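Data first, discussion second: the structure below is written as structure tokens.
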Amino acid sequence: MFRVKLSVVPSWMVLCAAAWLVAGCSTTKVDQTANWSPNKIYTEAKDEAGSGAFDKAIPLYEKLEGRAAGTPLAQQAQLEKAYAQYKSGEKPAAVATLDRFMKLHPASPALDYALYLKGVINFNDDLGMFAFMTRQDLSERDQKAAKESFQAFKELVTRFPESRYTPDARQRMNYVVNSLAQYEVHVARYYYQRGAYLAAINRSQLALADYREVPALEEALYIMVQSYSALGLDDLRDDAKRVLTTNYPQSEYLSRGFRTKDDPWWKLW
């Protein structure tokens, strides 16, 4: 009869295998919140956020959304998670959280805050932190975020004129409009300085057509005067100059030219 010879596994190999299994099991993440009540999770999340540990607060708010689903506490968790994501530098995630909140809770009494926070997130409010080094303002940045910020603030002031957030939103809207107009003029100046006078004129006219009563329009007219002059179009130059002096009789552009980087149009927020 054929017999299979069984080999004996050394005891040290058995011990190593057991140790490996134990080590593998020990890597399983234990959910410390498993037995916590929703209120306790919220308290812990608030404490983490209050101490500046927003990265630790975010997963707690996410757990709370699931544990307290369908309750006002879950809605509060969503809003506070969005703020924590914003403070953690996760701006796209924060905006996505707010969009989801507004879609799921269109009648929420906190909708005005959600719109305000979305506007603030896209507002680029880190401007003041680095402006003293780079002298860069919002007009020199990508304008997509600025436009999205304006739309959020506009919806807020339109739908909730009595909201506590509306006065600040109005001020920020003014700043964004000035920024968007200045962006067009910034591009026009860029073209002018490189001798692309027709492009400079077109961009200046775009600013004049799209915006009203903003500081940037004075420079837009001056760029048109200079560009028409460079092209030898004296009649158009004189027309542009007449509009400039009529609307800005004390304009310093005609006496001292373009502003320098040390003389920005904007004020620190």
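Source: prediction; values computed, not measured.
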**Prompt:** Do Leu254 and Met224 share a hydrophobic cluster (ILVMFWY, side-chain heavy atoms under 4.5 Å, transitive)?
**Reply:** yes
**Request:** Spell out, yes or no, whether Leu117 and Val176 are grouped together once hydrophobic residues are joined by side-chain heavy atoms under 4.5 Å, including indirect joins.
**Result:** yes
**Prompt:** Do Asp239 and Arg242 meet the salt-bridge criterion of a basic N to acidic O distance under 4.0 Å?
**Reply:** yes
**Asked** Roughly how far apart are Tyr113 OH and Leu98 CG, rounded to 0.5 Å?
**Response** 8.0 Å
**Item:** Side-chain donor-acceptor contact under 3.5 Å, Asn122 with Ser149
**Value:** no
**Message:** Can a side-chain donor-acceptor contact be found between Ser204 and Arg189 if the only test is distance below 3.5 angstrom?
**Reply:** no
**Asked** What about Tyr192 and Phe258, are their ring centers closer than 6.0 Å?
**Response** yes
**Prompt:** Mind checking whether Leu111 and Arg159 have side chains closer than 4.5 Å, heavy atoms only?
**Reply:** yes
**Item:** Under 3.5 Å side-chain donor-acceptor pair for Thr97 and Gln78
**Value:** no
**Prompt:** More than 12 foreign heavy atoms under 6.0 Å from CZ of Arg194: is that the case here?
**Reply:** yes
**Request:** For residues Phe54 and Ala84, report the shortest heavy-atom separation together with the two atoms involved.
**Result:** CB-O, 3.6 Å
**Asked** Below 4.5 Å, heavy atoms only, C-beta onward: do Thr158 and Lys154 meet side chain to side chain?
**Response** yes
**Fill in**
The reported gap from CZ in Arg100 to NZ in Lys103 (rounded to nearest 0.5 angstrom) is 10.0 Å
**Item:** Common cluster, Val243/Leu217, ILVMFWY with side-chain heavy-atom separation under 4.5 Å
**Value:** yes
**Prompt:** So which heavy atom on Lys81 is nearest to which on Glu62, and how close?
**Reply:** CD-CG, 3.4 Å
**Request:** Taking Thr43 for its side chain and Asn39 for its backbone only, find out whether a donor-acceptor pair lies under 3.5 Å.
**Result:** yes
**Request:** Verify the ring-centre separation between Phe153 and Tyr165: is it less than 6.0 angstrom?
**Result:** no
**Item:** From CG (Leu236) to CG (Leu231), nearest 0.5 Å
**Value:** 9.5 Å
**Item:** Tyr61: hydrophobic cluster co-members (side-chain, 4.5 Å)
**Value:** Trp36, Ile41, Tyr42, Leu60, Leu64, Leu73
**Asked** Would a distance-only check, ignoring hydrogens and angles, find a side-chain to backbone donor-acceptor pair under 3.5 Å from Ser108 to His105?
**Response** no
**Request:** Given side chain to side chain contact (heavy atoms under 4.5 Å, CB included), test Gln76 with Thr71 step by step and report yes or no.
**Result:** CA-CA 9 Å; Gln76 186 68 25; Thr71 70; over 6 Å; no
**Ionic contact status for Lys118 with Glu155, cut-off 4.0 Å** = no
**Closest non-hydrogen atom pair, Ala94 against Tyr86** = CB-N, 3.7 Å
**Asked** Is the closest side-chain donor-acceptor distance between Asp168 and Tyr116 under 3.5 Å?
**Response** yes
**Request:** State, yes or no, whether a side-chain contact exists between Glu90 and Ile58 at a heavy-atom distance under 4.5 Å.
**Result:** yes
**Message:** Distance check, rounded to the nearest 0.5 Å: Glu48 atom CD versus Glu44 atom CD?
**Reply:** 7.0 Å
**Request:** Report the distance from atom OH of Tyr222 to atom OG of Ser251, rounding to the nearest 0.5 Å.
**Result:** 8.5 Å
**Prompt:** When you look at CG of Asp234, are more than 12 heavy atoms from neighbouring residues, nucleotides or ligands closer to it than 6.0 Å?
**Reply:** yes
**Item:** side chain to side chain contact (heavy atoms under 4.5 Å, CB included) assessment of Arg67 paired with Thr33
**Value:** CA-CA 10 Å; Arg67 301 273 181 89; Thr33 71; 3.0 Å; yes
**Asked** Which pair of non-hydrogen atoms, one from Phe123 and one from Arg172, has the smallest distance, and what is that distance?
**Response** CD2-NH1, 3.2 Å
**Message:** Could you report the tightest heavy-atom contact between Asn178 and Pro215, atom names first, then the distance?
**Reply:** OD1-CD, 3.4 Å
**Asked** If you group Ile, Leu, Val, Met, Phe, Trp and Tyr by side-chain heavy-atom gaps below 4.5 Å, do Leu206 and Tyr211 land in one group?
**Response** no
**Message:** Starting from Phe160, can I reach Val120 by hopping between I/L/V/M/F/W/Y residues whose side chains sit under 4.5 Å apart?
**Reply:** yes
**Request:** Using the side chain to side chain contact (heavy atoms under 4.5 Å, CB included) rule, take Asp210 and Glu184 through it: C-alpha gap first, then chi angles, then the decisive distance, then the call.
**Result:** CA-CA 10 Å; Asp210 290 348; Glu184 299 298 336; 5.8 Å; no
**Request:** Under the side chain to side chain contact (heavy atoms under 4.5 Å, CB included) rule, what do Gln226 and Arg237 come out as? Steps first, then yes or no, please.
**Result:** CA-CA 7 Å; Gln226 295 297 97; Arg237 177 203 62 196; over 6 Å; no
**Item:** Distance, nearest 0.5 Å, that separates NZ of Lys63 from CD of Gln32
**Value:** 10.0 Å
**Complete:** Between Ala200 and Ser227, the two heavy atoms sitting closest are CB-OG, 3.7 Å
